[in-house]
Number of protein chains: 4
Amino acid sequence: MSIGDARTRILDAAEELFAGSGYEATPTAVIARLAQVPKGLIFHYFPRKIDVLVALVDERTLVEEGREVDAVPGDPAGTLARLARGLPLRASPAMRRILFREADTHGSVKERLGRLNGELIRRARFALELALPGARGDAARLEVAAATFAAVLLYQENLCQLTGHQIDPDAVAELIAHALG
Amino acid sequence: MSIGDARTRILDAAEELFAGSGYEATPTAVIARLAQVPKGLIFHYFPRKIDVLVALVDERTLVEEGREVDAVPGDPAGTLARLARGLPLRASPAMRRILFREADTHGSVKERLGRLNGELIRRARFALELALPGARGDAARLEVAAATFAAVLLYQENLCQLTGHQIDPDAVAELIAHALG
Amino acid sequence: MSIGDARTRILDAAEELFAGSGYEATPTAVIARLAQVPKGLIFHYFPRKIDVLVALVDERTLVEEGREVDAVPGDPAGTLARLARGLPLRASPAMRRILFREADTHGSVKERLGRLNGELIRRARFALELALPGARGDAARLEVAAATFAAVLLYQENLCQLTGHQIDPDAVAELIAHALG
Amino acid sequence: MSIGDARTRILDAAEELFAGSGYEATPTAVIARLAQVPKGLIFHYFPRKIDVLVALVDERTLVEEGREVDAVPGDPAGTLARLARGLPLRASPAMRRILFREADTHGSVKERLGRLNGELIRRARFALELALPGARGDAARLEVAAATFAAVLLYQENLCQLTGHQIDPDAVAELIAHALG
DNA sequence: CATGAATGAGCTTTCATTCAT
DNA sequence: AATGAATGAAAGCTCATTCAT
């Protein structure tokens, strides 16, 4: 086997195909062909087709929880902008598409997306608390700002690709910072 | 033929099923059963299965374009909040889910969702322009605010249902208004 | 369709094949080929393979219950011998094999076989009661005689074909008559 | 390797599974799992799946041929009753089920069952000959009695479990003795 | 001997679509 | 327009068997 073992090649193929055509529209036979393995081998490693998707989500997406936030007191705009440099999500672009695309398909995908969402909000809130020490009193407003920022980031990750619209997270960061200033 | 004619009942059934299980996972036979029509009749009205989805989007979603915005000069928060009372989208809850869920399935769905997105941004921008006559000079900032608000509304419509998180559009409206104030 | 409609031809084919090779060892594809119908049509009429077997048992075996017994008072041997002329079972030889062969496969087959057994015993008991009016007092002995006769008849129907042994029901009838005489 | 060596554990597992679900419906993978051996090892000991069944029958059923019969002259009922204490078959309950259940599956099973049947009849005949020295002249009647008793015993072993009916061999023994008396 | 990944034919079942009526 | 039987390609999945290690 030239590139990786069979199981890995199956997951590679599935990742590409699920991202492109969707889980339901991707036959296992096509996964097998792309992975250059016999069809039966897929079911040796993954007893049911859905287990391929579950394995992908389990093994190839990681919501980074609890990492420290790179916050600069007095610079909420810059702090948020740095947050927007990357979602707290270790996953390939294909896996990111799968995460949003198949959130309805299986509970484990939905759960992962929900975790990402929650972590995003938590980070944004925490970053703002650090960047704006004086604003801690207004927790509700910070919460709204954090959720708004999270919404924008997920919107950018997901819908923008579908609709062709763009949104600049840095500008949103500045907007929100201004609102809290 | 209790409610509506056959074609209508087919679309009713498909709407419910596509929203619940997704387009790919819904067999035409199940649509026929729920609609209480013979299987063949579906293909009389809709030569291919995808035509059912296209017809649903065409006939049961309407992006209201160009309607006037209920803006109050000097009250950007209230103006945005009123915008958030309802998306410029005439569609049942089921059709809304279909719009987001099947945006990858067929071009016409994606186009409709993109149209909704564009209209949302346009309205938000226009509303802010009216509510903040003095801010017209800073078009870029208005644009960002509008896009942010649109992102929040679509996020609420789509992801919140999946992840269980909530966001209060009125609070976001106030936040944005404050940022622009 | 030359001989019978498709559903009938499917059942005909299944009857022949289940009797010959057994239910588990008979692929639906072979049924379809013998019946000269496309494979998919089998599942149009019988959603699952087991439904073919159930339909066969339901529609092509009939345990004749409660029919009068041709009893001659004073001639228990002849009366039992007449009983042995035919089991109270309307079914082709193939269906008879299926009934015994697949009794473990599905509840409905087992139930039918149990009904046959029960009816056989009931008839034998009733026949003996009529043929031996004076013996009614010894109900237990009649019961044993009836069960013995039933066992012999089922043994003849089932095991004899497997083992190559033969048993003459008329001689058993006479033996039992003698025992009760 | 808690109980026995691998080969024994494979046979143990197969015995249990074949008795419960039937030969055809039992995958070798399930046998391997229950036996706690790797899948490939089964085919090391038994090149084909059917060889597992053949080995079971060969090694775990024994038709006891030619053993002396515990006959008491003048007491045919007791003699038969003692015969009914146990079939001339050394085999676990599971193997007994397999013997009847899979008689159609493979020649060796059918042969063993036929042998059991023959031995049963031979013993019953011999027992009756010894118990009724005066009846030796009427060989035909003895033969019928023996076959009847064999039929009852096999019926009890096989069908009774399926149909829920019971039959008391002792009472049958007495009935037959009475018939010959 | 022992192992479990690998194989591929074949299984039951699904399903969009057609078509005679 | 209305019907449901008919079609067959393709789906997910099973499984006895092989084989390199």
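Everything numeric here is computed off the predicted structure, so don't read it as measured data. Chain identifiers are assigned alphabetically (A, B, ...) following the order of the sequence lines, protein sequences preceding nucleic acid strands; residue numbering begins at 1 within each chain. Quick note: numbers below take in every heavy atom, side chains included, and nothing from hydrogens, waters or symmetry partners.
Taking atom CD of Q36(A) as the reference point, atom C1' of dG8(E) lies 17 Å away to the nearest angstrom. For the pair I42(A) CD1 and dG8(E) C1', the interatomic distance rounds to 13 Å; values are reported in whole Å. Note: CZ (R33(C)) to P (dT12(E)) measures 12 Å, nearest angstrom. The separation between L17(C) atom CG and dC11(E) atom P is 12 Å, rounded to whole Å.
Distances shown here put every side-chain N or O of Y45(D) at or beyond 4.0 Å from the OP1 or OP2 atom of dC1(E).
You'll find the side chain of Y23(B) stays beyond 4.5 Å of the side chain of I98(B), heavy atoms only. At least one side-chain heavy atom of D12(C) sits under 4.5 Å from a side-chain heavy atom of T8(C). The side-chain heavy atoms of I31(D) and F18(D), taken from C-beta on, include a pair separated by under 4.5 Å. Contact annotation: the side chain of F46(A) approaches that of R7(A) to within less than 4.5 Å [non-hydrogen atoms, C-beta and beyond].
Here the CZ-NZ distance, from R115(C) to K110(C), works out to 15.5 Å after rounding to the nearest 0.5 Å. Taken from CE in M95(C) to CD in E16(C), the straight-line distance is 13.0 Å, to the nearest 0.5 Å.
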- Query: What string of B, S and - do you get for nucleotides 13-21 of chain F, 5' to 3', if B is base contact, S is sugar-phosphate-only contact and - is no contact with any protein heavy atom under 4.0 Å?
  - Reply: BBSSBB---

- Message: Once pairs are restricted to Watson-Crick or G-U wobble with both distances under 3.5 Å, how does DNA chain E read as a dot-bracket string, [ ] for crossings and | for other-strand pairs?
- Response: .||||||||||||||||||||

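Under the 3.5 Å distance criterion, the side-chain polar atoms of R112(D) are matched with a main-chain donor or acceptor of T61(D). Using modelled atom types, no side-chain atom of R60(C) and backbone atom of S92(C) make a donor-acceptor pair closer than 3.5 Å.
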